[in-house]
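Below: one structure, written as structure tokens.
Atom set for the values below is all heavy atoms of this structure, side chains included, hydrogens, waters and symmetry mates excluded. Every chain is numbered from 1 and lettered A, B, ... according to where its sequence line falls, protein lines coming before strand lines. Please read these numbers as outputs of a predicted model, since none were measured by experiment.
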Amino acid sequence: MHAIWCIAHKELKDGLRNRWIIAITLVFALLSIGISWFGAAASGVVGFTSIPNTIISLASLAVFLIPLIALLLSYDAIVGEDEDGTLLLLLTYPLTKAQLLLGKLLGHGLIMGISTALGFGSSAVIIALFASGVDLSALSIAFTRFILSATLLGVIFVAAAYFISALVSEKSKAAGLALIFWFLFVLVFDLALLGLLVATDGQFNPELFPYLLLLNPTDVFRLINLVGFEGSGSGLLVMASEVEFGFLTLFGVLLGWLLLPLGAAYWAFSRRKI
Amino acid sequence: MSVVELNQVKKHFDGVAAIKELSLTIEKGEVLGLFGHNGAGKTTTMKLILGLLTPTEGSVSVFGHSPASPQFSDYRYHLGFLPENVSFYQQLTGKEVLAYFAKLKKVNKKRVVQLFDEVGLSHAINRKVKTYSKGMKQRLGLAQALLTEPKLLLLDEPTVGLDPIATQDFYTMVDQLKKSGCSVVLCSHVLPGVEKHIDRAAILGSGQLQALGTLAELREQAELPTVIHAYGEINSDILRSELEGLAIHISSNNASVMKIKTSHNHKTQVLRQVMKHPGISDIDLQTPSLEKIYRYYVEASATKNSNTPPHMTNSMVKTKEGAQ
């Protein structure tokens with residue numbers, strides 16, 4: 001545990017030093033305040049509209065940004081240390097590969113968690129302070145759920161970045177693969193599902209369809225933030241509204257989604273030639 | 001119990017043998033020099049001892065345990081390692097880097113500052129590592145290896161980038177560590193200066209031990225001549241007849257210098273004979289340097305039959321040399 005915390009602490013300090021934490025927090029804060037206040041501007045309304053509208057808009061933003069930021073933050077976690085020669089050194093210390101991986105995950109997870117909480121939390125605070133007639137308990141439940149699931153989504157992509165980082169021998173390759181990974185999960189997957197629907201004239205097994213969404217953590221994240229808001233999904237998610245996944249079930253699926261890339265990362269790291 | 005024990009170790013990478021067969025022990029308080037050309041298997045041997053690699057065949061034991069096993073983690077506190085190439089964390093200061101490694105080894109911060117003093121880096125303690133020269137990084141690496149006052153220290157090319165004074169300081173430090181019971185494995189290309197500080201030398205070539213022993217033993221085994229230069233007014237004919245059977249070769253370029261090549265065993269006898277000549281004004285004695293010994297074994301390994309069993313290597317080489 002000591003070793004895990006040492007490594008997590010260093011990652012966290014690095015995050016502060018190279019301004020990652022402050023940069024991510026600012027991006028999240030500005031975008032989320034903007035969306036909560038001007039999200040309905042197209043329909044001629046300026047100001048806070050409703051909790052479901054705000055959360056759903058925020059979720060569609062976060063689903064693009066968070067995976068990208070998480071991958072950028074951690075794609076060099078292993079290959080970078082290897083290039084600097086510190087990986088070889090660290091492994092001669094009283095430290096196992098699993099501890100090194102978990103320490104990094106904890107550190108990067110904290111960076112994602114802190115920035116998400118501060119960034120998106122700030123818009124919750126602004127809504128609570130300046131919008132009129134807001135149900136404060138509903139607001140805090142919705143935002144807590146949003147921040148928790150967004151952090152978890154970030155950590156999943158951090159773990160995926162470790163897998164990529166442990167596989168390749170050069171930092172630039174890791175960066176390229178991370179970008180492809182992001183593209184596949186954030187854009188291509190949903191488009192492929194839509195394509196499947198259109199090609200089969202919507203006749204594709206409708207009972208199976210919602211479960212296909214569970215195969216992508218970004219869709220699970222969106223589903224989590226839909227639960228409880230009636231009929232307010234858009235696009236693909238409408239299909240899922242027929243099956244009511246429980247909140248805990250969806251969180252369980254996300255946790256499972258964390259173990260998969262983390263296990264793959266450990267496997268690739270153990271096989272890596274030092 | 002030996003601190004390090006390699007028993008008939010073989011290591012293959014994708015079917016290619018990096019270590020063909022290697023048996024080696026290192027005792028408490030012993031300084032072992034590990035020499036060999038690039039690709040001879042030095043680094044692989046180090047990694048095997050560090051538990052970063054597992055042997056394909058044979059066994060490695062450090063402090064009586066397998067270094068690659070997860071249980072070995074606790075013994076790593078007593079292990080110091082200086083890698084050949086390490087650039088550390090560029091954006092951190094020297095102090096921050098060392099403090100991080102100290103924390104991982106549960107060493108307190110006072111020791112960090114003290115170590116900067118010991119390796120002569122106090123002036124750069126708060127500078128970022130990216131501004132460090134090669135020699136400064138080397139000192140930082142050394143400080144890192146000495147964090148816990150280790151029982152086993154593995155040094156890969158420790159003096160690369162160090163100036164002569166720093167090199168001398170470094171060897172003084174090795175001598176002190178040895179006195180306190182620390183075993184040291186010293187891997188180096190820079191041969192001059194190492195001789196006095198190592199107990200035994202192991203010369204690796206093409207994945208096998210070409211030679212192992214104290215320098216005196218290796219000198220004897222290699223039968224490299226000791227060269228004596230005698231200066232002064234000497235009757236060379238008389239000397240030649242006196243040294244019949246003792247000297248391997250006698251030559252003189254001019255009247256006042258005689259160059260006598262002799263074997264290690266006959267060295268003192270030759271000296272005694274030479275000293276009897278009243279005209280001698282000066283004598284200069286050159287025992288074969290580590291560099292010569294190294295060259296001898298490395299060249300021997302390059303010409304020897306590849307399927308020679310390792311334990312026969314030395315004698316085989318000798319007979320071949322003798323036949324030529």
Side-chain angles (χ1 to χ4, degrees), chain A residues 1-23 73-74 76-104 106-108 111 166 169-171 266-267 269-274, chain B residues 13-14 18 43-44 46-54 62 67-93 96-107 128-130 137-138 140-141 144-145 147-148 150 152-154 156:
Chain A
M1 202 55 220
H2 170 80
I4 294 179
W5 177 242
C6 277
I7 290 163
H9 184 247
K10 174 174 182 293
E11 292 301 336
L12 197 59
K13 251 173 91 179
D14 283 353
L16 280 172
R17 182 193 314 273
N18 57 27
R19 314 276 191 280
W20 262 99
I21 294 182
I22 194 143
L73 182 70
S74 45
D76 67 344
I78 289 161
V79 72
E81 296 252 12
D82 200 356
E83 281 186 1
D84 287 341
T86 41
L87 184 64
L88 178 70
L89 195 55
L90 280 176
L91 291 177
T92 69
Y93 272 67
L95 175 76
T96 62
K97 285 182 180 176
Q99 284 172 324
L100 182 61
L101 214 53
L102 287 176
K104 292 215 168 232
L106 183 61
H108 286 141
I111 292 176
S169 54
E170 284 153 51
K171 253 203 264 193
Y266 182 68
W267 172 80
F269 190 22
S270 318
R271 284 169 41 102
R272 189 183 175 87
K273 235 187 195 173
I274 303 297
Chain B
F13 291 112
D14 307 320
T43 306
T44 308
M46 286 257 200
K47 285 180 180 174
L48 283 164
I49 296 174
L50 287 165
L52 298 172
L53 295 173
T54 50
V62 178
S69 69
Q71 294 86 341
F72 191 71
S73 227
D74 287 341
Y75 294 93
R76 290 191 181 276
Y77 290 102
H78 312 298
L79 200 86
F81 173 50
L82 172 68
E84 189 182 356
N85 283 313
V86 59
S87 49
F88 293 109
Y89 303 105
Q90 304 284 320
Q91 75 283 13
L92 302 190
T93 66
E96 285 168 329
V97 167
L98 200 58
Y100 173 53
F101 285 111
K103 213 166 124 193
L104 280 169
K105 273 196 174 168
K106 298 182 181 165
V107 173
K128 286 198 175 175
V129 173
K130 67 177 164 201
K137 271 182 200 158
Q138 203 68 8
L140 181 59
Q144 165 279 131
L147 274 168
T148 50
L152 175 63
L153 192 58
L154 292 119
D156 202 347

How about [X] and [Y]: do any of their side-chain heavy atoms sit closer than 4.5 Å?
X	Y	value
K103(B)	K10(A)	no
L52(B)	L88(A)	yes
T86(A)	Y100(B)	no
Q144(B)	L89(A)	yes

field: D14(A) versus chain B, the contacting section by heavy-atom distance below 4.5 Å
entry: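 Just its side chain gets close to chain B.
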query: Is chain B contacted by the side chain of K273(A), its backbone, both, or neither, given a heavy-atom distance below 4.5 Å?
result: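 For K273(A), side-chain heavy atoms alone lie under 4.5 Å from chain B.
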- prompt: What are the two closest non-hydrogen atoms of R76(B) and P94(A), and how far apart are they?
  reply: CB-N, 3.7 Å
task: Determine whether more than 12 heavy atoms belonging to other residues, nucleotides or ligands lie under 6.0 Å from atom CD1 of I22(A).
output: no
Among [options], which residue forms the greatest number of heavy-atom pairs with chain A at distances under 4.5 Å?
options	result
P67(B), S73(B), G51(B)	S73(B)
L53(B), L92(B), L82(B), L154(B)	L92(B)
F88(B), Y77(B), F101(B), F81(B)	F101(B)

When rounded to the nearest 0.5 angstrom, what distance separates [atom1] in [X] from [atom2] in [Y]?
X	Y	atom1	atom2	value
T92(A)	I49(B)	OG1	CD1	13.0 Å
Y89(B)	R17(A)	OH	CZ	12.0 Å
C6(A)	K105(B)	SG	NZ	13.0 Å
L91(A)	L50(B)	CG	CG	10.0 Å

